[in-house]
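Scroll down for the structure; my scribbles are underneath it.
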Amino acid sequence: QVQLVESGGGLVQAGGSLRLSCAASRIILSGAAVAWYRQAPGKQREVVATITSGTSTNYTDSVKGRFTISRDNAKNTVYLQMNSLKPEDTAVYYCNAKGRYWGYWGQGTQVTVSS
């Protein structure tokens with residue numbers, strides 16, 4: 001079965017860092033566009049960062065300069081490095097991978113940033 005498994009979430013203090021991982025099975029992420037989304041309580045899900053099947057990346061304004069999305073094709077894994085975390089970054093973070101005719105979501109991983 002196709003799987004996207006996210007890991008790396010947890011509880012950190014403001015100013016700290018976390019590295020989220022999205023590991024794929026039965027799909028090849030190098031041929032997909034991959035995005036990290038997040039959803040905070042009472043708020044809509046929003047896209048945080050994207051990476052194309054190449055290396056082009058994009059970020060929402062609130063995380064520019066703090067978050068970095070990257071891909072390791074050998075490990076079939078996409079990462080989200082999060083630095084200088086703020087309490088407003090607290091959310092469930094989801095990985096989404098999409099080809100031309102398919103798309104899958106991960107289960108989400110909780111990130112909590114304390115003040």
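As a basis for the values below, the full set of heavy atoms in this structure was taken, side chains included, without hydrogen atoms, waters or symmetry mates.
Listed by first then second residue, pairs satisfying ring-ring contact (aromatic ring centres under 6.0 Å, His included) with a partner in residues 3-35 number zero, not counting sequence neighbours. Each ring-ring contact (aromatic ring centres under 6.0 Å, His included) pair with one or both residues in residues 1-20, not counting sequence neighbours, would appear here, but there are none. Sorted by first and then second residue, the salt bridge (Lys or Arg N to Asp or Glu O under 4.0 Å) pairs involving residues 92-115 (not counting sequence neighbours) form an empty list. Within the structure, the disulfide (SG to SG under 2.5 Å) test picks out no pair touching residues 39-69 (sequence neighbours left out).
Val92 belongs to a hydrophobic cluster whose other members, connected by ILVMFWY side-chain contacts under 4.5 Å either directly or through intermediates, are Tyr37, Val47, Tyr94, Trp105. Taking Ile, Leu, Val, Met, Phe, Trp and Tyr as members and joining any whose side-chain heavy atoms lie under 4.5 Å apart, directly or through other members, the hydrophobic cluster of Ile27 also contains Val2, Leu4, Val12, Leu18, Leu20, Leu29, Val34, Trp36, Val48, Ile51, Tyr59, Val63, Phe67, Ile69, Val78, Leu80, Met82, Leu85, Tyr93, Trp102, Tyr104, Val111, Val113.
Across all non-hydrogen atoms, the minimal contact from Ser30 to Asn73 is CB-OD1, 3.3 Å. Scanning both residues, Pro87 and Ala14, for their nearest heavy atoms gives CD-CB, 4.1 Å. Across all non-hydrogen atoms, the minimal contact from Ala40 to Ala91 is N-CB, 3.8 Å.
Heavy-atom neighbours of Asn58 CG from other residues, nucleotides or ligands within 6.0 Å: at or below the threshold of 12. Atom CD of Glu88 has more than 12 heavy atoms from other residues, nucleotides or ligands within 6.0 Å.
Between the NZ atom of Lys75 and the OG atom of Ser21 there is a distance of 8.5 Å, given to the nearest 0.5 Å. Taking SG from Cys22 and CG from Asn96, the interatomic distance works out to 8.5 Å, rounded to the nearest 0.5 Å.
In this structure, the side chain to side chain donor-acceptor pair (under 3.5 Å) partners of Asn83, at least two apart in sequence or on a different chain, are Ser17, Gln81. In this structure Gln107 satisfies the side chain to side chain donor-acceptor pair (under 3.5 Å) test with no other residue, sequence neighbours excluded. Every residue meeting the side chain to side chain donor-acceptor pair (under 3.5 Å) condition with Arg66, not counting sequence neighbours, appears here in chain and number order: Asp89. Listed by chain and number, the residues in a side-chain contact (heavy atoms from CB on, under 4.5 Å) with Ser53 amount to none (sequence neighbours excluded). Annotation: salt bridge (charged side-chain N to carboxylate O under 4.0 Å, His left out) contacts of Lys64 (sequence neighbours excluded): Asp61. Taking Glu46 as the reference, Arg38 meet the side chain to side chain donor-acceptor pair (under 3.5 Å) condition, with sequence neighbours excluded.
At distances below 3.5 Å, at least one donor-acceptor pair connects side-chain atoms of Thr109 with backbone N or O atoms of Gly9. When atom types are taken as modelled, the side chain of Asn76 and the backbone of Ala24 share a donor-acceptor pair closer than 3.5 angstrom.
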